[in-house]
Trainee: 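Please find one structure pasted underneath; my questions will follow.
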Amino acid sequence: MEHAAEPDEILRKFLAKAEKAAKKAASDPIEATAESAAIVTDDASAGALERTRIEKLEKIAALGFDPWGEKFDDRTPIEAVRGMTLVDGEAHGPRVRVAGRIMLRRGQGKVVFLELRDWSERIQIFIGKNQVGETGWALCGELDLGDLLGVDGTLGRTKTGELTIFAERLTFLGKSLLPPPEKWHGLTDVERRYRQRYVDLFTNPESLATFLARSRMIAAMRSTLAERGFIEVETPTMQAIAGGAAARPFVTHHNTLDLNLYLRIAPELYLKRLLVGGMERVFEIARVFRNEGISPRHNPEFTMLEAYQAYGDYHAMMELAEALITNAIEAIGGGMTRSFQGTEIDFTPPWPRRTYADLLAEHAGVDPADPESIVAAAERSGIETKGKDIHVITNELFEEFVEDKLSGPVFVIDYPAAICPLTKRKKSNPEVAERFELFVCGMELANAYTELNDPMLQEKLFRAQLAGQKEEDSMAKMDDDFVRALKHAMPPAGGIGIGIDRLAMLLLNRASIRDVVLFPLMRPES
RNA sequence: GCCCUCCUAGCUCAAUUGGCAGAGCAGCUGACUCUUAAUCAGCGGGUUAUAGGUUCGAGUCCUAUGGGGGGCACCA
């Protein structure tokens, strides 16, 4: 019968085992990586270029570097490095640590120049064989375009005067197994730019700049609203009744409740419920979904800013729109005069206010209060009038003759009440609604009302809208709860919706909404 | 849904009236201690989106399919 080992002995054995394991790990720190590399190497789908990069990954690992890197603190953004001052004639500037992606590589015997880029800027790295040590130089030989690298070194200038980090230590931070696009032209294939935005972002600096600017733009709008006492809220994206706009919704389904739901087409009706609840100034940056056609100005999901202000009206919303947009422009820089696809636009406020009726008279030569002249003008320009409501015809005339002319920015105010089911009517003329749309370059950028808060009129308008709906596309339903909310008294209010994507297009001069949406909707790859 | 148009090497692009699929970059091998899209020498790299058809012969012409772009329709 064997005696149980002494406790000391157990401990000793345990420690010996642990030490052995640690030794093994140290001598072969990338066992798991090598294993996964083998899998990819054997994969017939991996191309020749990918295979040579996997071989380099193994060499890099053999040198003792983790091919997938690890935490790398205390970096300085390259933009900040570029801002550091160098004393003239001094050989060594400050010591710096940067990290980024290798964009360019120029070998020169025992010296290699790299171009490293992080999300702020690019900078040249000088790697000399005698300055980075044996392993560092060996690593340098295995570096590919696209790899992620950390560099410690001193800032200085080369003979030609280029600001350069003279590397003293290299830290490998990530192996790129796929070759990046061509270094000069970048990625131009639009399909791949949308599908593989990650590649677009790291190869095309203007694409990255666009999305960074979009983010600053939105941040500025958030702080503008916060300064004015608005609070940010989140309301349902899945709704049993998709209201607040006239658009086809997407349908989804909740399994446990066995309930069909719609993705929201607007947050409007929920935000107004909050006004009833006493939240006096609310806004939401809402992703909304509309099951409609796709075009350079339409993505099925897009971002909308909606804001509601109790005890305000649409005039307050005009002033708010000016503040939001001019602050957004300030945040991205470049001044109030912008160029959009060759058209100069001056955003200096205040922006002109023009009534719908005046513009219609000016550009289409008709008076919206005179049905006969409307029908005559429509027929003259080939717009179908049979069986159509006079207000629909009027609006088609407006779209045909006026919208393109509105290079803007211009507030089109006082719409025909018949096409505004959520808007308060003018006291002086119930045929006209207190609504404006902001137009820039023929594009509708914002839409705002003095909100209708009369529950009885609201219910009547909803019913009229439902009655006018065609059978086949009648997905709109009566929102009884919204009417009930209004019956508890919603304060008189101004409300506004701003299309964030279109604003980004205009301010950043991008022709397609897909250039300001990170991942636009695409058909699946075959 | 309809119309027009595009798809060639990893990337950017050529290829005459239908006549041997090419270049630059990237890659590989080598040279080079201050380059700038580094340079120089050599080498490899393709089911021309897919499937049919016409033809002695198709990247090129025809049809269909897939994907992209633009326009129309839809979208207050």
Side-chain angles (χ1 to χ4, degrees), chain A residues 46-53 55-56 103-115 122-132 137 144-146 156-164 166 176-196 199 203-204 244-249 265-266 288 290-300 302 356 389 391-392 394-396 398-399 403 412 415-423 433 435 437 444 447 449 461 465 468-470 472-473 476 497 499 511-512 514-515 520-526:
Chain A
L49 296 173
E50 190 172 350
R51 277 197 299 274
T52 59
R53 280 170 178 251
E55 284 162 20
K56 288 186 185 178
M103 303 309 293
L104 242 44
R105 179 196 159 93
R106 297 182 282 273
Q108 175 83 32
K110 297 184 181 63
V111 164
V112 168
F113 293 91
L114 297 181
E115 201 154 303
R122 55 155 291 274
I123 195 160
Q124 178 169 268
I125 309 294
F126 178 101
I127 303 174
K129 187 182 179 185
N130 299 330
Q131 284 81 56
V132 290
W137 184 248
D144 279 314
L145 300 187
R157 287 192 189 278
T158 56
K159 278 182 188 169
T160 52
E162 169 138 5
L163 193 68
T164 300
F166 291 84
S176 168
L177 296 180
L178 296 174
E182 209 231 21
K183 62 188 180 187
W184 187 243
H185 298 92
L187 182 64
T188 61
D189 176 32
V190 289
E191 177 173 356
R192 202 172 148 205
R193 286 186 48 225
Y194 300 151
R195 285 193 195 278
Q196 301 179 26
V199 179
T203 52
N204 297 325
R248 286 168 170 266
I265 55 176
V288 299
R290 298 188 180 180
N291 205 342
E292 288 155 5
I294 296 175
S295 85
R297 282 164 302 282
H298 301 264
N299 194 58
F302 61 101
Y356 186 93
D389 188 275
H391 304 290
V392 173
T394 308
N395 209 42
E396 283 178 20
F398 188 86
E399 283 167 10
E403 287 191 359
V412 178
Y415 277 66
I419 55 171
C420 308
L422 296 161
T423 315
R435 168 186 183 179
E437 288 192 5
E444 179 194 332
N447 186 10
Y449 318 133
L461 294 176
Q465 207 180 5
Q469 219 171 201
K470 283 183 203 144
E472 62 271 24
D473 51 29
S512 171
R514 297 181 202 103
D515 292 322
L521 185 72
M522 303 287 273
R523 287 185 158 92
E525 284 180 89
S526 49

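Not measured: the values here are computed from a predicted model. Proteins get letters first, then strands, A, B, ... in listed order; numbering begins at 1 in each.
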Trainee: The test is side chain to side chain donor-acceptor pair (under 3.5 Å); show your working for A/Arg514 and A/Asn299 and say whether it passes.
Mentor: CA-CA 7 Å; A/Arg514 297 181 202 103; A/Asn299 194 58; 5.5 Å; no
Trainee: With distance as the sole test, does A/Gln196 use its side chain to make a donor-acceptor pair with the main-chain N or O of A/Val199 at under 3.5 Å?
Mentor: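 The answer is no, because no donor-acceptor pair under 3.5 Å joins these two groups.
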Trainee: Could you tell me how far apart A/Gln124 (CD) and B/C34 (P) are, to the nearest whole angstrom?
Mentor: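 Atom CD in A/Gln124 sits about 12 Å away from atom P in B/C34.
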Trainee: How many Å lie between CZ on A/Phe113 and P on B/A38, as a whole number?
Mentor: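 It is 11 Å, rounded to the nearest whole Å.
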Trainee: Partner lookup for B/G18, please. Criteria are Watson-Crick or G-U wobble with both distances under 3.5 angstrom; report none if nothing qualifies.
Mentor: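 Paired with no nucleotide.
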Trainee: Between B/C34, B/A26, B/G27, spot the one nearest the side chain of A/Pro179, thanks.
Mentor: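 Of the candidates, B/A26 comes closest.
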Trainee: How many Å lie between CZ on A/Arg192 and P on B/G69, as a whole number?
Mentor: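 It works out to 16 Å between those atoms.
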Trainee: Compare the minimum distances between each of B/G10, B/A38, B/C74 and the side chain of A/Leu104, then state the nucleotide with the smallest one.
Mentor: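 Nucleotide nearest to A/Leu104's side chain: B/A38.
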Trainee: Would you tell me if any nitrogen or oxygen in the side chain of A/Arg193 comes within less than 4.0 Å of OP1 or OP2 on B/G68?
Mentor: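 The answer is no; no side-chain N or O of A/Arg193 sits under 4.0 Å from OP1 or OP2.
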Trainee: For A/Leu145 and B/A38, give me the distance from atom CG to atom C1', rounded to whole Å.
Mentor: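 Value for this atom pair: 13 Å.
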Trainee: Looking only at atom types and distance, does a side-chain atom of A/Arg248 sit under 3.5 Å from a main-chain N or O of A/Asn291, one as donor and one as acceptor?
Mentor: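 Not confirmed, A/Arg248 side chain does not pair with A/Asn291 backbone.
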Trainee: Does B/A38 have a Watson-Crick or wobble mate here (both distances under 3.5 Å), and if so which one?
Mentor: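 By the stated definition (distances under 3.5 Å), nothing pairs with B/A38.
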Trainee: Could you check whether A/Tyr415 gets within reach of a base, just the sugar-phosphate, or nothing at all, counting any heavy atom under 4.0 Å?
Mentor: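 The answer is nothing, as A/Tyr415 stays clear of every strand by at least 4.0 Å.
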Trainee: Which sits closer to the 5' end of RNA chain B, A/Asp189 or A/Thr52, going by the nucleotide each is nearest to?
Mentor: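 Result: A/Asp189.
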Trainee: Strictly by Watson-Crick or wobble contacts shorter than 3.5 Å, is anything paired with B/G1, and which nucleotide is it?
Mentor: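 B/G1 is paired with B/C72.
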Trainee: Pick base, sugar-phosphate or nothing for A/Arg514, based on heavy-atom distances below 4.0 Å to the nucleic acid.
Mentor: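 Sugar-phosphate contact only.
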Trainee: What is the distance from CG of A/Leu177 to P of B/G27, rounded to the nearest Å?
Mentor: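 In whole Å, B/G27 P and A/Leu177 CG are 15 Å from each other.
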Trainee: May I have the distance from A/Ile419 (atom CD1) to B/C75 (atom C1'), rounded to whole angstrom?
Mentor: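 For the pair A/Ile419 CD1 and B/C75 C1', the rounded distance is 14 Å.
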Trainee: When you compare B/U65 with B/C72, how far apart are their C1' atoms, in angstrom units rounded to a whole number?
Mentor: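 That atom pair is separated by 23 Å.
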Trainee: Over 60° means perpendicular and under 30° means parallel, so classify the ring planes of A/Phe113 and A/Phe126, tilted if in between.
Mentor: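 The rings of A/Phe126 and A/Phe113 stand perpendicular, inter-plane angle above 60°.
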Trainee: Using the C1' atom as the point on both nucleotides, what is the distance between B/C7 and B/C74, in whole Å?
Mentor: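 Between the two C1' atoms, the distance is 28 Å.
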Trainee: Has A/Arg106 got a side-chain N or O lying under 4.0 Å from the OP1 or OP2 atom of B/C34?
Mentor: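 Result: no.
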Trainee: Is there a donor N/O on one and an acceptor N/O on the other, under 3.5 Å, for the side chain of A/Glu525 and the base of B/G67?
Mentor: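 Answer is no: no donor-acceptor pair is held.
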Trainee: Just call it for A/Gly128: base, sugar-phosphate, or nothing, with non-hydrogen atoms closer than 4.0 Å on any strand.
Mentor: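 The residue A/Gly128 makes no contact with any strand.
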Trainee: Would you tell me if any nitrogen or oxygen in the side chain of A/Arg195 comes within less than 4.0 Å of OP1 or OP2 on B/G68?
Mentor: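 Yes.
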Trainee: Can you tell which of B/G71, B/C34, B/C28 lies closest to the side chain of A/Thr158?
Mentor: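 In terms of side-chain proximity for A/Thr158, the closest of B/G71, B/C34, B/C28 is B/C34.
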Trainee: CG of A/Asn447 to CZ of A/Arg435: how many Å apart, nearest 0.5 Å?
Mentor: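 CZ of A/Arg435 is found 4.5 Å from CG of A/Asn447.
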Trainee: Using atom CG of A/Asn291 as one end and atom P of B/C75 as the other, report the distance to the nearest whole Å.
Mentor: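 Rounded to whole Å, this separation is 13 Å.
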Trainee: Heavy-atom nearest nucleotide on RNA chain B for A/Gly109 versus A/Arg523: which residue maps closer to 5'?
Mentor: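 Closest to the 5' end, via its nearest nucleotide, is A/Gly109.
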Trainee: Can you figure out which of B/G27, B/G71, B/U12 approaches the side chain of A/Pro296 most closely?
Mentor: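 Selected nucleotide: B/G71.
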Trainee: Does a side-chain N or O from A/Arg297 land closer than 4.0 Å to OP1 or OP2 of B/G70, or not?
Mentor: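 Indeed not, no polar side-chain atom of A/Arg297 lies that close.
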Trainee: Ignoring hydrogens and angles, tell me if any N or O in the side chain of A/Ser295 forms a donor-acceptor pair with the backbone of A/Arg297 under 3.5 Å.
Mentor: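 Pair found, side chain donor or acceptor close to backbone of A/Arg297.
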Trainee: Go through the steps to decide whether A/Asp515 and A/Arg193 satisfy the test salt bridge (charged side-chain N to carboxylate O under 4.0 Å, His left out), and finish with yes or no.
Mentor: CA-CA 9 Å; A/Asp515 292 322; A/Arg193 286 186 48 225; 3.6 Å; yes
Trainee: Within the modelled atom types, does a donor on one side and an acceptor on the other bring the side chain of A/Thr188 and the base of B/U12 under 3.5 Å apart?
Mentor: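 No, the side chain and the base share no sub-3.5 Å donor-acceptor pair.
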Trainee: Quote, to the nearest angstrom, the C1' distance that separates B/G24 from B/C62.
Mentor: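 34 Å, rounded to whole Å.
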Trainee: The side chain of A/Gln108 lies closest to which of these nucleotides: B/G68, B/G70, B/U35?
Mentor: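 My answer, after comparing the listed nucleotides, is B/U35.
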Trainee: In whole Å, measure the gap between the P atoms of B/G67 and B/G30 for me.
Mentor: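 It works out to 46 Å between them.
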Trainee: Look at the side chain of A/Phe166 and decide which nucleotide, out of B/C75, B/C34, B/G69, has an atom nearest to it.
Mentor: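 It is B/C34.
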Trainee: Taking atom types as they are modelled, is there a donor-acceptor pair under 3.5 Å from the base of B/U33 to the side chain of A/Asn130?
Mentor: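 Yes, a donor-acceptor pair under 3.5 Å.
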Trainee: Can you tell me if A/Arg105 uses its side chain to pair, donor with acceptor, with the backbone of A/Asp144 under 3.5 Å?
Mentor: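 No, because the side chain of A/Arg105 does not come within donor-acceptor range (under 3.5 Å) of the backbone of A/Asp144.
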Trainee: B/U5 P sits how many Å from A/Glu191 CD, rounded?
Mentor: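 The distance from CD of A/Glu191 to P of B/U5 comes to 19 Å, rounded to the nearest Å.
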Trainee: Write down the partner of B/G57 under the Watson-Crick or G-U wobble criteria, each distance required to be under 3.5 Å.
Mentor: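 Pairing partner: none.
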Trainee: Go ahead and name the base partner of B/U63; Watson-Crick or wobble counts if both distances stay under 3.5 Å, otherwise write none.
Mentor: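 Because both required distances fall under 3.5 Å, B/U63 counts as paired with B/A51.
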Trainee: Would you compute the distance between atom CG of A/Leu187 and atom CG of A/Asn204 and round it to the nearest 0.5 angstrom?
Mentor: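 Those atoms lie 6.0 Å apart.
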Trainee: Taking the C1' atom in each of B/G69 and B/G18, what is the distance between them to the nearest angstrom?
Mentor: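 Per the computed distance, 28 Å lies between those C1' atoms.
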Trainee: Looking for any heavy atom pair under 4.0 Å, which part of the strands does A/Gly186 touch: base, sugar-phosphate only, or nothing?
Mentor: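 The residue A/Gly186 makes sugar-phosphate contact but no base contact.
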Trainee: Expressed in whole Å, how much space separates the P atoms belonging to B/G42 and B/A23?
Mentor: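 Pairwise P distance, B/G42 against B/A23, rounds to 13 Å.
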Trainee: How far does the P atom of B/G68 sit from the matching atom of B/U60, given to the nearest Å?
Mentor: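 B/G68 and B/U60 have their P atoms separated by 23 Å.
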Trainee: With respect to the phosphate group of B/A38, does any side-chain polar atom (N or O) of A/Lys183 fall under 4.0 Å of OP1 or OP2?
Mentor: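 It does, given that an N or O in the side chain of A/Lys183 lies less than 4.0 Å from OP1 or OP2 of B/A38.
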Trainee: In whole Å, what separates the P atom of B/U8 from that of B/A49?
Mentor: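 Roughly 6 Å separates the two P atoms.
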